[in-house]
Student: 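Dropping the structure in here first, questions after.
Numbers here simply count residues along the sequence, with the first being 1.
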Amino acid sequence: MTSTLIVGAGSAGCVLAARLSADPARSVRVFEAGPAYPTRGELPHELLDPGHLPVGPESGVVWRYRGNLVRGKLIGGSGAINGSYFIRPPATDFAAWSAVAGPAWSFESVLPVFCDLEDDADFGWAPGHGVGGPIPIERTRDFTEFSAEFAQRCAAAGFTEIPDLNLARSGADHTNGFGRVPLTVSHGLRSGPAITHLYPAMERPNLSVAGDTMVTRLLLRGTRVIGVEWSRGRERGRTYADQTVLCAGAVESAALLIRSGIGPEPLLRSLGVPIVAPAPVGAWCTDHPEVGVEFPDDEPDEPAVPLEYVLASDDLELRPYTQRFTPGHRRIGVALMHPESAGELTLVSADPAVPARVDQRYLRGERDRARLRDGVALTADLLGRRIGPVDDPWLRANLGTSQHLSGTCRMGPAHDERAVVDEHGRVHGIEALAVADLSIVPVPLRRGPQATTVMLAAAIADHMVV
Ligand SMILES: Cc1cc2nc3c(=O)[nH]c(=O)nc-3n(C[C@H](O)[C@H](O)[C@H](O)COP(=O)(O)OP(=O)(O)OC[C@H]3O[C@@H](n4cnc5c(N)ncnc54)[C@H](O)[C@@H]3O)c2cc1C
């Protein structure tokens, strides 16, 4: 029996664990650093409420990094605490991805994987969609006044309504316009990856999930990974496996590789970590910078998912949040979905308790600043309000992250000096080790990454089982 150890029960880890453990000839063990409530029924109710993002200062289920970057730290990972917005990137992103990593990542290759995953209540019957898959998708029908007004203003400004934002996009027609947000919500409850994938597989005798278990380092014999070291409270241990797959997310998968001696040589030397294999881990990463445009509004709050509508205008996405970030104010987020600037992830210490450092370098490119200014001007036009002056200090003061970090362990062929993993997530130069999460996406995605993360995990799992 092959034993596979999965590090992290997040968006990708849940999908991978469910798919791999469907094979009774494989034993699958999952280590999750946060709580892994053993049954769906034991999940705290607030985690099932899609209108609640449990990321505030009081939250005990997130990793925190500088720049307000957070990640989910519980069964389901970031997919258990996110905005439930489930959207596929356009075909152009997969053209760029497959140019780097081969035809397995072309739009034509990944579309069937997206279709098999979904059970789309509104468009499942349409070409390029699916019904009966594990992930329920629906769109809000009963909007808050704020969302409805936003949609009206978009229409009045001449934007087209796009009924299905997940339509297989090959033409420019579908790129610009406003539309209802596709949500991983069913009967008013959040349906994250633990709910759609891991819990339904939990009864299998060949699958085990250990919560509150943080993997601190990979165990290597030469360049072969033979298992991991972990900590659980005061307990420390080692677990061995034939194959280890990192699904710890874009920050922690990269951090774990670096702590284990797989990373940029100067960084490993500065940390005092023995070098196992030089690799450009963390040398590139990307996210969607977002500036918040706030304005006074004291209309009563209505319970709702964070986003019901969005407007896409070329590389900008306008997000009319139903929730408040500042009392007495509404916010429209202006996100740049294809930034030029790239960031870097490093460690300042080899101690697993010290958080990794992500330097997003958001406003470094003049074009990125100009596009964000364009987005603020568009928001001002839609709202019929004056905003600004929108100079660089204004952008800096109102800047945030969309929480969409990706690309710290890029995919690409061995001769690509920026690549950490191959087209199936296997780490170059290391045996029995793969990475299967958002960290391996080699290009900026023009849409939120949740749908891509689960598609990616499903595609990698399918390759591992054949
Ligand atoms: C607040 C928030 C809102 C978001 N909203 C949206 C949205 O609406 N739409 C969208 O498309 N995207 C959204 N995203 C992004 C999206 O959720 C993530 O990009 C996606 O879930 C990443 O999946 P992943 O599997 O790569 O990592 P994660 O889902 O973060 O999973 C990583 C898992 O590994 C565990 N782990 C980490 N290190 C270790 C270790 N050393 N040992 C053991 N376990 C470990 C973590 O605890 C976690 O459970 C949001 C993200 C956040 C944080």
Student: Can you check side-chain contact (heavy atoms from CB on, under 4.5 Å) on Leu318 and Ser313, steps first, answer last?
Tutor: CA-CA 8 Å; Leu318 268 54; Ser313 176; 5.9 Å; no
Student: Are Pro50 and Val305 side-chain neighbours, meaning at least one heavy-atom pair lies under 4.5 Å?
Tutor: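 The answer is yes; the side chains approach within 4.5 Å.
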Student: Is it true that atom CD of Glu235 has more than 12 heavy atoms of other residues, nucleotides or ligands lying nearer than 6.0 Å?
Tutor: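 Count over threshold, so yes.
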Student: Could you check if a side-chain atom of Val441 sits within less than 4.5 angstrom of a side-chain atom of Arg410, using non-hydrogen atoms only?
Tutor: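 No - every pair of side-chain heavy atoms lies 4.5 Å or more apart.
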Student: Ignoring hydrogens, what is the shortest heavy-atom contact between Ile6 and Cys247? Give both atom names and the distance.
Tutor: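 Looking at all heavy atoms of both residues, the closest pair is CG2-SG, 3.9 Å.
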Student: Is there a donor-acceptor contact under 3.5 Å from the side chain of Ser59 to the main chain of Gly56?
Tutor: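 No, the answer is negative, given that no donor and acceptor are paired below the 3.5 Å cut-off.
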Student: Working to the nearest 0.5 Å, report the span between CZ of Arg26 and CG of Leu20.
Tutor: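 Reported to 0.5 Å precision, the distance equals 5.0 Å.
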Student: Restricting to pairs with a member in residues 117-144, which pass salt bridge (charged side-chain N to carboxylate O under 4.0 Å, His left out), not counting sequence neighbours?
Tutor: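 Listed once each, the pairs are Arg88-Glu118, Asp120-Arg139, Asp122-Arg139, Asp122-Arg141, Arg139-Asp164.
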Student: Could you tell me how the ring of Tyr309 sits relative to the ring of Phe178: parallel (under 30°), tilted (30 to 60°) or perpendicular (over 60°)?
Tutor: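 Because their plane-to-plane angle lies in the 30° to 60° range, the rings of Tyr309 and Phe178 count as tilted.
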Student: Give a yes or no on whether the backbone of Glu46 and the side-chain of His52 come within a donor-acceptor separation of less than 3.5 Å.
Tutor: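 Between the backbone of Glu46 and the side chain of His52 there is no qualifying donor-acceptor contact (under 3.5 Å).
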Student: Is it the case that atom CG in Asp359 sees more than 12 heavy atoms from other parts of the structure closer than 6.0 Å?
Tutor: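 Above 12, so yes.
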Student: Check whether any side-chain N or O of Ser98 sits under 3.5 Å from a backbone N or O of Ala95 as a donor-acceptor pair, and report yes or no.
Tutor: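 Checking the backbone N and O of Ala95 against the side chain of Ser98, a donor-acceptor pair under 3.5 Å is found.
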Student: Please list, one pair per line, the donor and acceptor atoms closer than 3.5 Å that link side chains of residues 210-218 to other protein atoms, with sequence neighbours excluded.
Tutor:
| unit_1 | atom_1 | unit_2 | atom_2 | d |
| --- | --- | --- | --- | --- |
| Thr213 | OG1 | Gly211 | O | 2.7 |
| Thr213 | OG1 | Arg232 | NE | 2.8 |
| Thr213 | OG1 | Arg232 | NH2 | 3.3 |
| Thr216 | OG1 | Glu229 | O | 3.2 |
| Arg217 | NE | Glu229 | OE1 | 3.4 |
| Arg217 | NH2 | Glu229 | OE2 | 3.0 |

Student: Could you go through the side-chain contact (heavy atoms from CB on, under 4.5 Å) check for Phe86 and Leu117 one step at a time?
Tutor: CA-CA 12 Å; Phe86 194 84; Leu117 281 166; 5.6 Å; no
Student: Hey, are the side chains of Val181 and Thr140 touching, using non-hydrogen atoms and a 4.5 Å cut-off?
Tutor: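 With C-beta onward as the side chain, the pair stays apart.
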Student: Pair Glu302, Phe146 - check side-chain contact (heavy atoms from CB on, under 4.5 Å), show working.
Tutor: CA-CA 9 Å; Glu302 300 166 73; Phe146 179 54; 5.9 Å; no
Student: In the structure I gave you, are the side-chain heavy atoms of Leu5 and Val245 within less than 4.5 Å of one another anywhere?
Tutor: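 No, side chains not in contact.
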Student: Take atom CZ of Arg64 as the centre, draw a 6.0 Å sphere, and report whether it contains more than 12 heavy atoms from other residues, nucleotides or ligands.
Tutor: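 Yes, enclosed.
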Student: What is the minimum heavy-atom distance between Trp284 and Pro444, and which atoms define it?
Tutor: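 Nearest pair, atom of Trp284 first, then Pro444: CH2-N, 3.9 Å.
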Student: Between Thr408 (side chain only) and Ala254 (backbone N and O only), is there a donor and an acceptor less than 3.5 Å apart?
Tutor: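 No, the answer is negative, given that no donor and acceptor are paired below the 3.5 Å cut-off.
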Student: Go through Ser402 and Arg319 one step at a time and tell me if the side chain to side chain donor-acceptor pair (under 3.5 Å) criterion holds.
Tutor: CA-CA 11 Å; Ser402 300; Arg319 305 172 176 159; 2.9 Å; yes
Student: Hey, is Arg446 close enough to Asp314 for a salt bridge, meaning N to O under 4.0 Å?
Tutor: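 Salt bridge flag = no for Asp314 with Arg446.
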Student: side-chain contact (heavy atoms from CB on, under 4.5 Å) for Leu43 and Ile195? Distances and angles first, verdict last.
Tutor: CA-CA 10 Å; Leu43 278 171; Ile195 291 167; 3.9 Å; yes
Student: Mind listing the closest non-hydrogen atom pair of Asp368 and Glu340 along with its distance?
Tutor: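 Taking every non-hydrogen atom into account, OD1-N, 2.9 Å.
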Student: Can you measure from CD1 (Ile137) to CG (Asn166) and round to the nearest 0.5 angstrom?
Tutor: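 Answer for the CD1-CG pair, Ile137 versus Asn166, is 6.5 Å.
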Student: Who are the side-chain contact (heavy atoms from CB on, under 4.5 Å) partners of Ser78, not counting sequence neighbours?
Tutor: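 In terms of side-chain contact (heavy atoms from CB on, under 4.5 Å), with neighbours along the sequence ignored, Ser78 is linked to Arg71.
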Student: Grab the two heavy atoms, one from Pro54 and one from Val62, that are nearest each other, plus how far apart they are.
Tutor: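 Minimum heavy-atom separation between Pro54 and Val62: O-CG1, 3.9 Å.
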Student: Indicate yes or no: at least one non-hydrogen side-chain atom of Leu246 is less than 4.5 angstrom from one of Leu257.
Tutor: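 Answer yes - side chains close enough.
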Student: Within this structure, what is the CG-CD distance for the pair Leu47 and Glu42, rounded to the nearest 0.5 Å?
Tutor: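 It is 13.0 Å, given to the nearest 0.5 Å.
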Student: Are side-chain N/O atoms of Glu308 and Thr144 paired as donor and acceptor at under 3.5 Å?
Tutor: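 Checked: Glu308/Thr144 side chains pair up, N/O donor to acceptor below 3.5 Å.
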Student: Any side-chain to backbone donor/acceptor pair from Arg29 onto Val209? Under 3.5 Å, distance only.
Tutor: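 No; zero donor-acceptor contacts below 3.5 Å.
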Student: I'd like to check Pro193 versus Leu198 (side-chain heavy atoms, cut-off strictly below 4.5 Å). Are they in contact?
Tutor: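 In short, these two side chains do not touch, never coming nearer than 4.5 Å.
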Student: Which pair of heavy atoms, one from Ala17 and one from Val30, lies closest together, and at what distance?
Tutor: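 Minimum heavy-atom contact is CB-CG2, 3.8 Å.
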Student: Rounded to the nearest 0.5 Å, how far does NE2 of His404 lie from NE2 of His288?
Tutor: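 Between atom NE2 of His288 and atom NE2 of His404 there are 7.0 Å.
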Student: Check whether Gln403 reaches the backbone of Val70 with its side chain - one donor and one acceptor, N or O, closer than 3.5 Å.
Tutor: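 Present.
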Student: Taking the side chain as every heavy atom from C-beta outward, state whether Ile460 and Ile440 have any atom pair closer than 4.5 Å.
Tutor: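 Yes, close enough: below the 4.5 Å cut-off.
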Student: Any donor-acceptor pair under 3.5 Å linking the side chain of Ser341 with the backbone of Gly365?
Tutor: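 Judged by distance alone, yes, a pair lies under 3.5 Å.
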Student: Once side-chain hydrogen bond (donor to acceptor under 3.5 Å, both in side chains) is applied, what residue pairs with a partner in residues 190-201 remain, sequence neighbours excluded?
Tutor: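 Qualifying pairs: none.
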Student: Could you tell me whether the side chains of Asp287 and Thr401 share a donor-acceptor contact shorter than 3.5 Å?
Tutor: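 Side chains of Asp287 and Thr401: pair found under 3.5 Å.
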Student: Which heavy-atom pair separates Gly263 from Ile258 by the least distance, and what is that distance?
Tutor: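 Heavy atoms of Gly263 and Ile258 come nearest at CA-CG1, 4.5 Å.
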Student: Would Arg238 count as a cation-pi partner of Trp230, with NZ or CZ less than 6.0 Å from the six-membered ring centre and within 45° of the ring normal?
Tutor: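 No, Arg238 does not lie over the aromatic ring of Trp230.
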Student: CG/Leu433 to CG/Leu220 distance, rounded to the nearest 0.5 angstrom?
Tutor: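 Output value for this atom pair is 7.5 Å.
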Student: Tell me, please, which residues at least two apart from Glu203 pass salt bridge (charged side-chain N to carboxylate O under 4.0 Å, His left out).
Tutor: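 Expected list: none.
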Student: Please state whether the rings of Phe114 and Phe94 are parallel, tilted or perpendicular, taking 30° and 60° as the class boundaries.
Tutor: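 Judged by the thresholds at 30° and 60°, the geometry between Phe114 and Phe94 is perpendicular.
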Student: Do Asp462 and Arg19 have side chains that approach each other closer than 4.5 Å (heavy atoms only, starting at C-beta)?
Tutor: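 Asp462 reaches Arg19 side chain to side chain.
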Student: Distance from Leu336 atom CG to Asp315 atom CG, nearest 0.5 Å?
Tutor: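 Rounded to the nearest 0.5 Å, the CG-CG separation comes to 5.0 Å.
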Student: For the residue pair Tyr321 and Phe325, does the interplanar ring angle fall in the parallel (under 30°), tilted (30 to 60°) or perpendicular (over 60°) class?
Tutor: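 Tyr321 vs Phe325 ring planes: perpendicular.
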Student: Answer yes or no: is there a donor N or O on one side and an acceptor on the other, between the side chain of Gln323 and the main chain of Gly51, under 3.5 Å?
Tutor: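 Judged by distance alone, yes, a pair lies under 3.5 Å.
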Student: When you measure from the side chain of Thr453 to the backbone N and O of Pro449, does any donor-acceptor pair fall under 3.5 Å?
Tutor: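 Confirmed, Thr453 side chain pairs with Pro449 backbone.
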Student: Applying side chain to side chain donor-acceptor pair (under 3.5 Å), run through Gln450 and Asn82 and close with a yes or a no.
Tutor: CA-CA 9 Å; Gln450 180 66 18; Asn82 71 13; 3.3 Å; yes
Student: Looking at His428 and Gly412, would you say the former's side chain and the latter's main chain have a donor-acceptor pair under 3.5 Å?
Tutor: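 Confirmed, His428 side chain pairs with Gly412 backbone.
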Student: By side-chain contact (heavy atoms from CB on, under 4.5 Å), which residues pair with Asn206, not counting sequence neighbours?
Tutor: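 For Asn206, the residues satisfying side-chain contact (heavy atoms from CB on, under 4.5 Å) (neighbours in sequence not counted) are Ser21, Arg204.
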